[in-house]
Trainee: 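Sharing a structure with you now.
Please read these numbers as outputs of a predicted model, since none were measured by experiment.
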Amino acid sequence: LAGSGKSTIALTIADRWKRENLLGASFFCARDGDRSNIKCIFRTIAYQLALHLPIFREHLTKVLETDPDLYSSNPTRQLEKLIVEPLEAARADATSNAPLPAHIAVVIDALDECTDNAAVSTIIISLAKYMGRFMPLKFLITSRPEVNITRGFLRKELDKNTEVLALNTIPKDLTQRDITLFLRSRLAETKDNFDLDASWPAPQQLDNLVSLSELLFIFAAAAARYIDDEAERDPKGRLTSLLDAGNAAAARRGTSTSPFPILDALYTQVLETAAGRLGDTLRDQLKLVLGTIVLAEQRLSPTTLDALLDLSAGTVRRVLPVLSAILTIPDCKDNTTPIGIIHLSFPNFLVDPSRCTDQSFLVRPRTHHCHIAFRCLSIMNLALKYNILGVASEHDRVLNSEIPALPAKLSQNIPATLEYACRYWMRHLCEADVGEDLLTALEEFCKCHLLHWLEALS
């Protein structure tokens with residue numbers, strides 16, 4: 001299930017194996033940017049293995065010199081050429097003085113979050129095809145039980161070489177014990193941070209909070225962050241309000257259509273508390289900002305979000321600090337680090353009308369994609385032009401490799417907001433309810449800026 005702790009397990013194990021010098025590579029999938037692209041998985045793993053194993057790097061380099069376009073080929077070919085063949089060559093060249101390690105671990109986390117519409121996961125099929133040729137690699141893969149992934153593991157090549165651990169088969173008392181330990185530890189830190197009396201929280205409050213978690217680690221983690229909010233500085237009041245909301249949701253369970261009614265109550269409580277601390281204008285902009293964060297094709301910094309949504313500078317930073325329980329927000333002096341969503345269950349909640357029943361927070365994807373697509377087209381219509389980097393006269397042509405200080409010219413002339421618009425306007429358009437304003441902006445773009453767009457993309 002979402003929130004049961006798969007990624008935490010993968011991260012913990014990867015960190016442990018790295019300290020023990022057993023980790024060869026890892027890829028943590030996510031539904032934004034290249035981390036959702038199945039073509040990135042094996043090439044990233046190959047790159048990390050090359051950093052880890054000099055003898056592997058030597059043979060991988062030879063492969064890339066022969067076929068430098070392998071990075072864009074399909075995953076099965078990437079696996080064969082970038083991992084399997086260099087690994088076999090490295091094994092053949094290994095000597096007693098320079099042996100390959102007996103075990104090299106590779107972690108692939110949240111495979112279900114990759115964009116892969118094949119009937120059977122392309123990644124799983126690829127692994128099955130070359131099973132038996134990976135020595136000494138061992139893979140740890142985490143995923144929700146999506147049909148195309150579970151079906152792949154039924155293939156006989158994988159079935160006899162795979163051990164499965166379903167988290168829902170772990171005894172509930174063990175999971176409850178771990179969540180209790182976690183919450184007791186986090187609330188003890190909160191008690192020290194705010195100099196609360198030794199009796200807080202009362203034992204029955206802790207037991208109630210553990211019970212409301214319903215064995216979901218994401219509930220426990222988000223609840224701890226909500227209670228410990230530094231800006232609010234009211235852990236006692238926040239714990240009480242959270243328990244009240246959770247218990248009310250539990251009492252309504254029979255009438256709820258949501259599979260996670262108490263987690264939804266937590267998210268609603270966070271949003272309502274946030275909205276209550278904002279003025280009317282910022283409260284109206286909260287939904288716009290949140291909708292863009294959850295639907296954007298990649299994570300964006302607060303400065304980029306302001307520009308993308310045509311908000312006054314600093315608006316996003318004024319809105320988001322009240323949501324530290326569910327978002328990671330970069331330091332106020334950091335204008336490049338993107339805003340992070342702590343867990344996928346929050347975007348899923350925001351776009352599902354059966355779970356997010358408050359219309360002031362519910363994000364309707366097609367309507368919101370329309371707004372983002374319009375803003376992308378407006379930004380491109382305003383900023384795109386011929387010779388956008390100013391590197392040649394009207395009749396000259398130059399290659400990218402011939403442009404001096406190209407990265408500096410790019411950052412100066414194609415800022416992050418324009419880059420996002422150029423990369424992703426089409427994806428938002430495909431998901432949008434297209435209205436007259438969007439069509440007008442699209443028509444202007446097609447008539448005036450198609451070639452300028454291609455130049456910027458290059």
Side-chain angles (χ1 to χ4, degrees), residues 2-5 172 175-256 258-279 282-283 286-287 290 319-329 341-343 345-346 349-350 355-362:
S4 58
K172 292 182 178 180
T175 304
Q176 192 166 26
R177 178 203 65 185
D178 288 349
I179 289 177
T180 302
L181 287 170
F182 169 77
L183 285 172
R184 183 179 291 128
S185 173
R186 284 296 305 271
L187 293 182
E189 292 176 13
T190 301
K191 179 167 57 182
D192 292 340
N193 291 341
F194 293 93
D195 198 24
L196 301 176
D197 56 86
S199 62
W200 185 89
Q204 62 269 30
Q205 287 183 307
L206 178 61
D207 292 344
N208 191 183
L209 192 59
V210 171
S211 175
L212 289 175
S213 73
E214 298 189 310
L215 308 182
L216 290 178
F217 277 92
I218 186 56
F219 178 96
R225 283 190 295 270
Y226 176 75
I227 294 165
D228 194 47
D229 187 272
E230 186 66 32
E232 188 72 10
R233 301 192 64 80
D234 182 23
K236 285 186 175 182
R238 287 205 151 195
L239 175 58
T240 300
S241 63
L242 181 56
L243 293 177
D244 289 345
N247 291 329
R252 296 193 302 269
R253 181 185 299 280
T255 60
S256 174
S258 168
F260 306 111
I262 300 179
L263 180 63
D264 295 348
L266 167 60
Y267 286 146
T268 301
Q269 180 74 18
V270 171
L271 291 170
E272 288 177 348
T273 302
R277 291 177 54 196
L278 299 172
L282 289 179
R283 194 158 48 239
L286 176 63
K287 181 176 176 178
L290 281 176
V319 167
L320 293 187
V322 294
L323 294 170
S324 58
I326 47 182
L327 300 174
T328 57
I329 302 145
I341 298 173
I342 288 174
H343 197 267
S345 58
F346 178 62
F349 161 77
L350 273 186
R355 298 180 61 190
C356 183
T357 55
D358 189 328
Q359 296 299 308
S360 58
F361 303 125
L362 176 66

Trainee: Within this structure, what is the CD1-CZ distance for the pair Ile262 and Arg252, rounded to the nearest 0.5 Å?
Mentor: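 That separation rounds to 10.0 Å.
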Trainee: Between Asn247 and Leu243, is there a donor-acceptor pair closer than 3.5 Å when you use the side chain of the first and the backbone of the second?
Mentor: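 Pair found, side chain donor or acceptor close to backbone of Leu243.
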Trainee: Can you see which heavy atom on Ile218 is nearest to which on Ile342, and at what distance?
Mentor: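 Nearest heavy atoms, Ile218 then Ile342: CD1-CG2, 4.3 Å.
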Trainee: I want to check a possible cation-pi pair here: Arg238 against Tyr226, using under 6.0 Å from ring centre and within 45° of the ring axis as the test.
Mentor: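 Yes, Arg238 and Tyr226 form such a contact.
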Trainee: Picking from Leu181, Thr180, Ile179, what satisfies side-chain contact (heavy atoms from CB on, under 4.5 Å) with Leu183?
Mentor: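 Going through Leu181, Thr180, Ile179 one by one, the side-chain contact (heavy atoms from CB on, under 4.5 Å) with Leu183 is satisfied by Ile179 alone.
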Trainee: Under 6.0 Å between ring centres, would you say that holds for Phe346 and Tyr267?
Mentor: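 Phe346 vs Tyr267: aromatic centres under 6.0 Å.
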Trainee: Working note: His343 + Phe217, criterion side chain to side chain contact (heavy atoms under 4.5 Å, CB included); need CA distance, chi angles, decisive distance, verdict.
Mentor: CA-CA 11 Å; His343 197 267; Phe217 277 92; over 6 Å; no
Trainee: Under 3.5 Å, is there a donor-acceptor pair between the side chain of Asp228 and the main chain of Ala224?
Mentor: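 No: the side chain of Asp228 does not pair with the backbone of Ala224.
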Trainee: Rounded to the nearest 0.5 Å, how far does CZ of Arg355 lie from CG of Leu362?
Mentor: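 These two atoms lie 12.0 Å from each other.
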Trainee: Looking at Lys172 and Leu215, would you say the former's side chain and the latter's main chain have a donor-acceptor pair under 3.5 Å?
Mentor: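 Not a single qualifying donor-acceptor pair exists.
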Trainee: Please lay out, stage by stage, how Asp197 and Lys236 fare under the test salt bridge (Lys or Arg N to Asp or Glu O under 4.0 Å).
Mentor: CA-CA 11 Å; Asp197 56 86; Lys236 285 186 175 182; 3.0 Å; yes
Trainee: Nearest 0.5 angstrom please: Ile341 CD1 to Leu323 CG, how far?
Mentor: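 Reported to 0.5 Å precision, the distance equals 11.0 Å.
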Trainee: Please identify which of these residues, Leu271, Ile326, Leu263, meets the side-chain contact (heavy atoms from CB on, under 4.5 Å) condition with Phe349.
Mentor: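 Output: one option passes, namely Leu271.
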Trainee: Distance check, rounded to the nearest 0.5 Å: Glu230 atom CD versus Arg225 atom CZ?
Mentor: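 Between atom CD of Glu230 and atom CZ of Arg225 there are 15.5 Å.
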Trainee: Knowing that exactly one of Leu206, Thr190, Asp244, Leu209 qualifies, which makes a side-chain contact (heavy atoms from CB on, under 4.5 Å) with Leu239?
Mentor: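 Option passing the side-chain contact (heavy atoms from CB on, under 4.5 Å) with Leu239: Leu209.
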Trainee: So which atom in Ala249 and which in Pro261 form the shortest heavy-atom distance, rounded to 0.1 Å?
Mentor: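 Looking at all heavy atoms of both residues, the shortest contact is CB-O, 3.8 Å.
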Trainee: Find the distance between OG (Ser345) and CG (Leu350) and round it off to the nearest 0.5 Å.
Mentor: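 If we round to the nearest 0.5 Å, Ser345:OG and Leu350:CG are 10.0 Å apart.
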Trainee: List for me each residue that meets salt bridge (Lys or Arg N to Asp or Glu O under 4.0 Å) alongside Arg283, sequence neighbours excluded, and say none if there are none.
Mentor: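 Testing Arg283 for salt bridge (Lys or Arg N to Asp or Glu O under 4.0 Å), a comparison that skips the adjacent residues, returns Asp280.
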Trainee: Contact between Arg186 and Ile227 at the side-chain level, heavy atoms closer than 4.5 Å - yes or no?
Mentor: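 No; the side chains remain at least 4.5 Å from each other.
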Trainee: Any side-chain donor paired with an acceptor under 3.5 Å for Ser324 and Asp229?
Mentor: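 Checked: Ser324/Asp229 side chains pair up, N/O donor to acceptor below 3.5 Å.
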Trainee: Are the side chains of Gln205 and Leu187 in touch, meaning some heavy atoms are under 4.5 Å apart?
Mentor: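 Gln205 vs Leu187: side chains apart.
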Trainee: Working note: Phe361 + Leu286, criterion side chain to side chain contact (heavy atoms under 4.5 Å, CB included); need CA distance, chi angles, decisive distance, verdict.
Mentor: CA-CA 8 Å; Phe361 303 125; Leu286 176 63; 4.1 Å; yes
Trainee: Using atom types as modelled and distance alone, determine if a side-chain donor or acceptor of Glu272 lies under 3.5 Å from a backbone N or O of Gln269.
Mentor: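 Answer holds: no.
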Trainee: Not counting sequence neighbours, which residues clear salt bridge (Lys or Arg N to Asp or Glu O under 4.0 Å) with Asp192? List them please.
Mentor: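 For Asp192, no residue satisfies salt bridge (Lys or Arg N to Asp or Glu O under 4.0 Å) once neighbours in sequence are set aside.
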Trainee: For the pair Thr268 (side chain) and Asp264 (backbone), establish whether a donor and an acceptor sit closer than 3.5 Å, ignoring hydrogens and angles.
Mentor: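 Looks like yes, one N/O pair under 3.5 Å.
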Trainee: Would you compute the distance between atom CG of Leu212 and atom CG of Leu266 and round it to the nearest 0.5 angstrom?
Mentor: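 Between atom CG of Leu212 and atom CG of Leu266 there are 9.5 Å.
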